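Have a look at the structure below, then the notes.
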There are 2 protein chains.
Amino acid sequence: MRYSKTHKEETRRKLLDSSRALVKKGGFGSTGVDALMSAIGMTAGAFYSHFPSKQALLREVVREEMEHSIALLHPAADASGQQARKTVRMYLDPAHARHPEAGCVLPAMGAELARVDPQVRATIESGLKHMHAAWREVLGDDDAAWSVMAQFVGALVLARTVKSEVARKRILEANRRHIERLLDGVEPELP
Amino acid sequence: MRYSKTHKEETRRKLLDSSRALVKKGGFGSTGVDALMSAIGMTAGAFYSHFPSKQALLREVVREEMEHSIALLHPAADASGQQARKTVRMYLDPAHARHPEAGCVLPAMGAELARVDPQVRATIESGLKHMHAAWREVLGDDDAAWSVMAQFVGALVLARTVKSEVARKRILEANRRHIERLLDGVEPELP
DNA sequence: GTCTATATCTAGATAGAC
DNA sequence: GTCTATCTAGATATAGAC
């Protein structure tokens, strides 16, 4: 054979990794198959050896992105809440706002995700419930957990929308401090 | 003249009102000029008598939407905070999640707004600062005001992303209760 | 498996008739 | 001011050569 056994698998992997970044940066609808393929040094025709359609790629992108976001938003529950604080600082960092391609899929694709097919939205819902359970553990409060997740996503959307760097920083810092205050109020569990 | 003096103005008004709803529902990029025009019973060619480009329409849509959203998110500051509670309940209502075309532009266009030209983003930033000042007044806390605004936007993005109606309701209700608790903690001002 | 070439479609924008 | 017709560019997807 002209290509090694693992060649297809490797190409698919490169395509997915590259595409995940591109669609988070530029949006799914406005990023063409040609752009996705030339980003890994190939031409559009080869795309269809890996996915039957652009939509099929999106499904896989969202699936992998949700796994990534769960890791990103998932605080390891420790008594002191230090892990949770680290997660908050990382998520609400201005660098995250400046680099959607490397960050969480939820604020990056937000409205577009609301229009994908129900199968994908079920995947997202399941991922969100995992994240919520983890924050519920840390905060000891069901409502507070959903509230923190909404703040994460909303703060990033707002921060990316404003023009000035100073406003971007203020929005992120305000939300970070507000969540940290919430964590301060959590009673440490007895050992 | 074949058309009355106010005809152009009226058509432009209809086009803007209709387009604001359509782009919030379907996204700006994926809603074509043809769809925008046929929604008001006209053909694509006539579009360019009113706007030099689709981008120019977007600028005006965002400008008007921000005014609308300010009104939507702007709580009248009264001592009891009843107006603020009403705003919270309205914004985080499942009906708002189900009808982006009639709701706030921020969760509906989120990521797309992050990619519009700086002039428009300055308009958005200015609008957000107005909203923030109003919530700062109600809550008496700078950070809490940004936090509530982020929760509004984030909760709606998340609620629209999940598949099941029950998850949608839980996310919105959790955020509503959490914000109401924040309002409960506000010391009423002395008369 | 990937490339080139291409079929097909849709989109933004323009020209000219009315 | 609006319509029809059309230009041009870009998109998704397919066919056949290598």
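So that the names make sense, note that chain A is the first sequence line, chain B the second, and so on, each numbered from 1. This structure is a prediction, so every number in the text was calculated from the model and none was measured.
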Practice prompt. With sequence neighbours excluded, tell me which residues meet side chain to side chain contact (heavy atoms under 4.5 Å, CB included) with A:A95.
Written response: A:D93, A:R98

Worksheet item: Taking only residues at least two apart or on different chains, which pairs with a member in residues 103-139 of chain B satisfy ring-ring contact (aromatic ring centres under 6.0 Å, His included)?
Response: B:H132-B:W146, B:W135-B:F152

Discussion item. Show every side-chain hydrogen bond (donor to acceptor under 3.5 Å, both in side chains) that has at least one partner inside residues 107-121 of chain A, sequence neighbours left out.
Written reply: A:R59-A:D117

Worksheet entry | Sequence-distant partners of B:H99, ring-ring contact (aromatic ring centres under 6.0 Å, His included), two or more places apart | none

Discussion item. Per the side-chain hydrogen bond (donor to acceptor under 3.5 Å, both in side chains) rule, what does the pair list look like for residues 46-56 of chain B, sequence neighbours excluded?
Written reply: none

Fill in: Pairs satisfying ring-ring contact (aromatic ring centres under 6.0 Å, His included), at least one member in residues 9-28 of chain A, at least two apart
none

Worksheet entry | Residue B:Y48, side-chain heavy atoms: nucleotide from C:dG1, C:dG12, D:dA13 that is nearest | C:dG12

Show the distances under 3.5 angstrom between N or O atoms of the protein and N or O atoms of nucleotides 6-11 of chain C.
none

Item to complete: To the nearest Å, give me how far apart CZ (A:F51) and P (C:dG1) are.
Response: 13 Å

Worksheet item: Would one find a side-chain N or O of A:T11 under 4.0 angstrom from OP1 or OP2 of C:dT2?
Response: yes

Worksheet, complete the sentence: In whole angstroms, the gap separating P of C:dT4 from CZ of A:F47 amounts to 18 Å

Worksheet entry | Member of A:R176, A:R170, A:R177 meeting the salt bridge (Lys or Arg N to Asp or Glu O under 4.0 Å) criterion with B:D143 | A:R177

Worksheet item: When the distance from NE2 of B:H50 to P of C:dA13 is rounded to whole Å, what number comes out?
Response: 15 Å

Fill in: Those residues of residues 36-46 of chain B lying under 4.0 Å from DNA chain D by at least one heavy atom
B:G41, B:M42, B:T43, B:G45, B:A46

Item to complete: Using whole Å, report how far NZ of A:K14 lies from P of C:dG1.
Response: 14 Å

Worksheet entry | side chain to side chain contact (heavy atoms under 4.5 Å, CB included) involving A:A134 - partner list, sequence neighbours excluded | A:H74, A:P75

